[in-house]
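The structure appears below as structure tokens.
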Amino acid sequence: MPSQSGITTRLGSRLKRRRSSVKKRTYSATSAAESEHSDETPSTSGAVGQPNVPQYNLRRRPGDASNTIVPAKRKKNSKPSVPQIRGEAVGGRYLQEDLPDEVLLKIFSYLLEFDLCRAARVCKRFRAIGEDIELWRKLYQEIFEYDLPLIRREPKVFAFLEKDDKEFANPWKESFKQLYHGVHVRPGCSNMYSYYGGRRLASRKMFCFDAIEQAYTWVDSEVYEDPLIFVHTGIYVGEFLLIDLGVIIIGAAQGNVMDQVIIERESESTIVFAEGSKDAYLGYITLKFTPDIASSVPHHKHYALEVTENCSPTIAHCRIKSTSVGAAVCVAGSGADPFIHHCLIKDCENVGLYVTDYAQGTYEDNEISGNALAGIWVKNYANPIMRRNHIHHGRDVGIFTFDYGQGYFENCDIHNNRIAGFEVKAGANPTVTQCEIHHGQTGGIYVHENGRGQFIENKIHSNNFAGVWITSNSDPTIRKNEIYNGHQGGVYIFGEGRGLIEHNNIYGNALAGIQIRTNSNPIVRHNKIHHGQHGGIYVHEKGQGLIEENEVFSNTLAGVWITTGSTPVLRRNRIHSGKQVGVYFYDNGHGVLEDNDIFNHLYSGVQIRTGSNPLIRRNKIWGGQNGGILVYNSGLGMIENNEIFDNAMAGVWIKTDSNPVLRHNKIHDGRDGGICIFNGGKGILEENDIFRNAQAGLLISTQSNPVLRRNRIFDGQAAGVEITNNATANLDGNKVFNNKFGGLCLASGVNPIMKDNQIYGNHNMVQKAVSSGQCLYKISSYTSFPMHDFYRCKTCNTTERNAICVNCIKTCHGGHDVEFIRHDRFFCDCGAGTLNNSCRLQGEPTQDTDTLYDSAAPMESHTVRLN
């Protein structure tokens with residue numbers, strides 16, 4: 001941007017320019033009507049020497065008193081007039097009535113626009129021919145060069161009419177009417193506009209100049225109310241264009257107009273709009289700033305287009321390019337408020353559009369592409385409005401707001417930029433809505449260093465890195481966006497990032513839908529996070545966050561991962577239908593998991609391992625194909641007031657030196673056992689209700705040693721409590737009742753500590769089967785494991801993996817060499833038909849299956865950790 005003193009010097013030069021003391025000109029039908037000689041001396045707004053002669057009205061009607069001198073009234077003739085035909089009248093009648101149309105058209109084709117209008121007033125036939133579209137097209141294209149008529153719909157809105165547009169009966173004439181008062185810049189063509197063969201054209205009074213600055217100086221000195229300059233085909237180099245009045249400058253050429261009209265400058269800004277240019281318009285022109293790279297003169301503050309403070313020009317349909325180290329377009333200063341639309345800002349060696357220092361402006365339907373730095377910079381409290389811009393294939397970021405820049409960005413298409421599509425930094429606070437940000441070579445949106453912003457209802461997809469990055473104390477709002485098909489994650493919050501992430505649809509990303517790490521603490525709520533190729537939400541490296549009322553489903557790995565010292569709060573989420581675990585705490589993952597619905601996962605609903613110690617309360621956990629909650633490998637946790645039901649395996653698994661606390665839970669209607677503790681598992685189980693499970697309400701096995709206090713274990717389809725395989729337990733004040741295979745079943749060698757337990761009303765279906773001579777397989781099949789004495793048959797060469805019930809020993813293996821193994825839980829292999837001889841107490845044999853003394857082990861998650 002030039003210095004303020006430089007602009008002041010230019011404006012001072014403008015004010016010193018000599019202005020001729022002519023009356024203010026205007027171009028309107030009203031002034032034309034007030035002229036006494038409008039037919040005889042038609043004039044334009046540029047007619048020097050005739051300041052009082054108004055413009056000719058191309059649309060006036062013959063006999064219209066508002067447009068012609070009212071003729072003196074004729075005296076009435078009381079006698080009927082007798083026509084007298086003279087020679088001249090005969091010739092006139094022939095010309096008007098009998099001459100062929102083709103001949104008249106040929107004659108009229110030699111007329112200029114004013115003569116054509118006068119001829120059209122002679123008679124109806126002349127009027128019809130004078131309105132011929134082709135006649136007016138030829139005249140129009142001779143003056144303006146356009147392939148299509150240019151219509152002025154509003155003071156600063158110009159548009160070409162398409163060929164099939166029926167808005168005007170004669171669009172060429174209508175455009176002539178609207179644009180006729182303009183002056184022209186067309187080097188070497190002045191004879192077409194005012195003079196021909198050294199004579200002034202009486203029927204065409206326009207002004208034509210060889211240079212734009214000459215035309216601007218002339219309209220400035222004439223004090224036009226509506227100054228209009230047409231710049232025709234050519235390359236205009238070195239023009240000094242400081243615009244400080246409401247002039248309209250439009251390119252005029254055949255074909256693509258802006259490609260044929262080029263204004264270029266090498267030393268200072270090509271065009272500068274300064275104070276006073278409130279109603280200025282620039283359109284259909286190419287602007288270039290191409291400084292000499294060998295020059296020692298600095299040019300980083302000069303631009304192809306510069307808009308300074310307190311002005312609001314309109315720039316439309318322009319191509320703007322700069323090879324400078326400065327931006328192509330610079331809008332700077334308080335009150336700078338341009339309207340820039342349908343422009344092409346492309347292949348610049350620095351920034352495309354730079355808005356700074358409290359500037360505003362509206363920028364619509366522009367294409368900004370291929371620039372060496374950002375497509376757009378917004379800085380220092382600038383607050384532009386940008387709609388429907390196409391910002392793509394930049395060699396840096398697409399849009400960069402920083403140093404408290406603001407702005408409103410709507411319906412922009414931002415893609416294929418080398419860095420992020422949209423970057424927010426250093427206190428910037430833009431609003432970005434309904435944009436599409438995609439195929440970035442790094443990320444989609446990058447908010448860092450205390451950046452803010454509102455990103456609402458955008459489509460963010462197919463970026464090489466995360467769709468949204470938030471870091472270094474930034475706190476944006478990400479709301480109602482679709483974030484999908486990223487080549488890495490969906491939303492990535494790290495380095496103490498914050499943010500409100502809500503009502504987004506996040507799906508199909510290669511890594512986690514949302515990743516929170518390194519002391520970041522966002523609010524994540526009301527989102528749908530689903531069908532990710534990795535996990536749903538990944539919180540690690542001391543990540544935090546409030547994660548509530550989200551729906552997390554159908555992800556390839558865990559729905560939520562929490563690890564490495566992280567402590568998020570997950571509340572009222574629906575986490576379901578995952579292909580692995582619902583919520584996975586590992587490697588010292590902590591946090592709070594409360595009031596969530598966690599269901600229908602291929603693995604467990606919740607897994608806790610390796611030092612993790614979460615608080616899990618008031619959740620509903622059901623439908624897990626591998627159990628409800630699995631605590632293993634030294635996992636901890638407070639698990640309280642949950643409802644755990646309808647899981648395919650145990651409601652809760654505790655194993656391998658894990659030591660959680662389970663309190664006030666309801667664990668019921670499982671398709672396997674209620675709680676299974678094995679492989680050295682521990683834990684404190686207090687005041688839980690464990691009921692109506694298909695297997696043992698509580699199974700304790702393989703050197704485990706939990707503490708059970710005041711639990712109620714009842715209505716089970718197998719035993720209430722089973723302790724086996726060198727395990728033990730401390731049972732204090734529990735109630736065990738109404739279970740099918742007994743209340744408390746202890747395997748050989750098991751001696752738990754018992755105190756004040758109530759074991760009553762249980763059904764001993766095993767003993768009934770033994771007493772009735774049935775094979776125990778009859779009551780258990782190979783999915784249940786009733787506890788009783790079991791044997792092996794040496795004669796049949798069975799091993800300890802093949803158990804035989806007491807009735808089969810007596811009946812099927814009578815007289816064989818048998819031995820007692822132990823009192824433990826098993827099903828009968830003889831009744832299952834897995835031995836060589838057939839069971840005499842059973843029917844058809846089943847498939848071969850070794851007896852399993854414990855329920856099947858749960859599947860542990862082996863999720864790969866990825867940053």
Side-chain angles (χ1 to χ4, degrees), residues 26-33 42 44-45 55-62 64 66-67 101 105 108-109 111-114 116-121 124-182 184 204 206 225-232 248-258 260-261 279 281-285 314-318 339 341-343 362 364-366 387-388:
T26 176
Y27 177 70
S28 67
T30 304
S31 61
T44 72
S45 58
Q55 193 60 238
Y56 188 85
N57 188 345
L58 297 178
R59 283 294 192 188
R60 69 184 175 188
R61 299 177 179 176
D64 189 342
S66 65
N67 289 297
D101 289 346
L105 276 172
F108 277 34
S109 69
L111 301 180
L112 299 181
E113 52 275 5
F114 280 10
L116 195 58
C117 290
R118 291 191 187 100
R121 299 186 59 191
K124 291 181 178 180
R125 186 179 182 218
F126 278 23
R127 181 175 181 81
I129 295 175
E131 292 289 338
D132 181 74
I133 291 178
E134 284 300 310
L135 289 177
W136 283 98
R137 183 189 64 79
K138 180 181 176 182
L139 283 171
Y140 182 89
Q141 292 182 335
E142 180 183 66
I143 296 299
F144 297 101
E145 296 193 74
Y146 299 128
D147 295 335
L148 298 170
L150 183 68
I151 297 297
R152 187 177 188 178
R153 299 191 179 280
E154 296 178 18
K156 293 192 285 184
V157 177
F158 295 83
F160 290 103
L161 286 181
E162 297 299 328
K163 293 181 179 180
D164 56 353
D165 196 304
K166 304 299 182 184
E167 183 178 353
F168 302 101
N170 190 335
W172 302 97
K173 185 177 180 182
E174 177 64 25
S175 183
F176 235 123
K177 170 188 171 182
Q178 295 181 7
L179 308 180
Y180 194 78
H181 67 291
H184 296 257
R204 176 178 291 166
M206 298 180 179
E225 181 178 291
D226 187 23
L228 172 60
I229 299 174
F230 290 98
V231 183
H232 287 261
I248 297 171
I249 302 175
I250 303 180
Q254 296 178 346
N256 188 352
V257 179
M258 69 178 176
Q260 310 302 321
V261 182
D279 296 319
Y281 176 95
L282 176 71
Y284 299 99
I285 289 175
T314 296
I315 296 94
H317 303 283
C318 290
F339 179 28
H341 65 97
H342 294 95
C343 291
T362 301
E364 295 182 348
D365 301 295
N366 301 288
R387 295 190 178 100
R388 300 183 302 278

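Everything quoted here is computed from the prediction, not taken from an experiment. Every heavy atom of this structure was used, including side-chain atoms; hydrogens, water molecules and symmetry mates were not.
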Could you give the distance from CG (Leu135) to CD1 (Ile133), rounded to the nearest 0.5 Å?
-> 10.5 Å

Donor-acceptor pair, Asp147 side chain versus Gln254 backbone, under 3.5 Å?
-> no

Please determine, by modelled atom types, if Gln141 and Glu145 share a side-chain donor-acceptor pair under 3.5 angstrom.
-> no

Begin with the C-alpha distance, continue with both residues' side-chain angles, and end with the deciding distance and a verdict on side-chain contact (heavy atoms from CB on, under 4.5 Å) for His341 and Thr362.
-> CA-CA 8 Å; His341 65 97; Thr362 301; over 6 Å; no

Just wondering, do Glu174 and Gln178 contact through their side chains at under 4.5 Å, heavy atoms?
-> yes

Should Leu148 and Glu162 count as side-chain neighbours, where that means a heavy-atom distance under 4.5 Å?
-> yes

Would you check if the side chain of Asn366 reaches a backbone N or O of Cys343 as a donor-acceptor pair within less than 3.5 Å?
-> yes

Do Phe168 and Ile151 have side-chain heavy atoms sitting under 4.5 Å apart?
-> yes

Tyr284 ring center near Phe158 ring center (under 6.0 Å) = no

How far apart are the closest heavy atoms of Ala119 and Leu111, and which atoms are they?
-> CB-CD1, 4.2 Å

No-hydrogen, no-angle side-chain donor-acceptor test under 3.5 Å, Glu113 and Tyr140 = no

Of the non-hydrogen atoms in Pro171 and Leu161, which two are nearest, and what is the gap between them?
-> CB-CD1, 3.6 Å

Measure the spacing between NZ of Lys177 and CG of Asn170 and express it to the nearest 0.5 Å.
-> 12.0 Å

Go through the steps to decide whether Ile249 and Val231 satisfy the test side-chain contact (heavy atoms from CB on, under 4.5 Å), and finish with yes or no.
-> CA-CA 7 Å; Ile249 302 175; Val231 183; 3.7 Å; yes

Is there a salt bridge (charged side-chain N to carboxylate O under 4.0 Å, His left out) between Arg153 and Glu167 once you walk through the steps?
-> CA-CA 12 Å; Arg153 299 191 179 280; Glu167 183 178 353; 2.9 Å; yes

Mind listing the closest non-hydrogen atom pair of Leu150 and Leu179 along with its distance?
-> O-CD1, 3.7 Å

Are the side chains of Trp136 and Leu116 in touch, meaning some heavy atoms are under 4.5 Å apart?
-> yes

If you round to the nearest 0.5 Å, how far is CD1 of Ile250 from OH of Tyr281?
-> 5.5 Å

Look at the side chain of His181 and the backbone N and O of Met206, then say whether any donor-acceptor pair between them is shorter than 3.5 Å.
-> no

Please assess Phe176 against Leu139 for the test side-chain contact (heavy atoms from CB on, under 4.5 Å), listing each intermediate value before the final yes or no.
-> CA-CA 9 Å; Phe176 235 123; Leu139 283 171; 3.8 Å; yes

Is Asp132 salt-bridged to Lys138, cutoff N-O under 4.0 Å?
-> no

Anything under 30° is parallel, anything over 60° is perpendicular, the rest tilted; go ahead and classify Tyr146 against Phe160.
-> perpendicular

Any side-chain heavy atom of Ile248 sitting closer than 4.5 Å to one from Pro227?
-> no

Would you indicate whether the side-chain heavy atoms of Pro155 and Asp279 approach each other to under 4.5 Å?
-> no

In Å, rounded to the nearest 0.5 Å, how long is the span from CD of Glu131 to NZ of Lys173?
-> 3.5 Å

Contact check, side chains of Ile143 and Tyr180, non-hydrogen atoms, under 4.5 Å | no

Contact summary for Pro149 and Ser175, nearest pair of heavy atoms = CB-CB, 4.1 Å

Checking side-chain contact (heavy atoms from CB on, under 4.5 Å) for the pair Met258/Ile285: CA distance, chi angles, key distance, verdict?
-> CA-CA 4 Å; Met258 69 178 176; Ile285 289 175; 5.7 Å; no

Rounded to the nearest 0.5 Å, what's the gap from CG on Asp101 to CD1 on Ile129? Could you check?
-> 4.5 Å

Kindly give the heavy-atom pair with the smallest separation between Val261 and Ala253, and that separation in Å.
-> CG2-CB, 4.1 Å

Would you mind reporting whether His184 and His232 have side-chain heavy atoms less than 4.5 Å apart?
-> yes

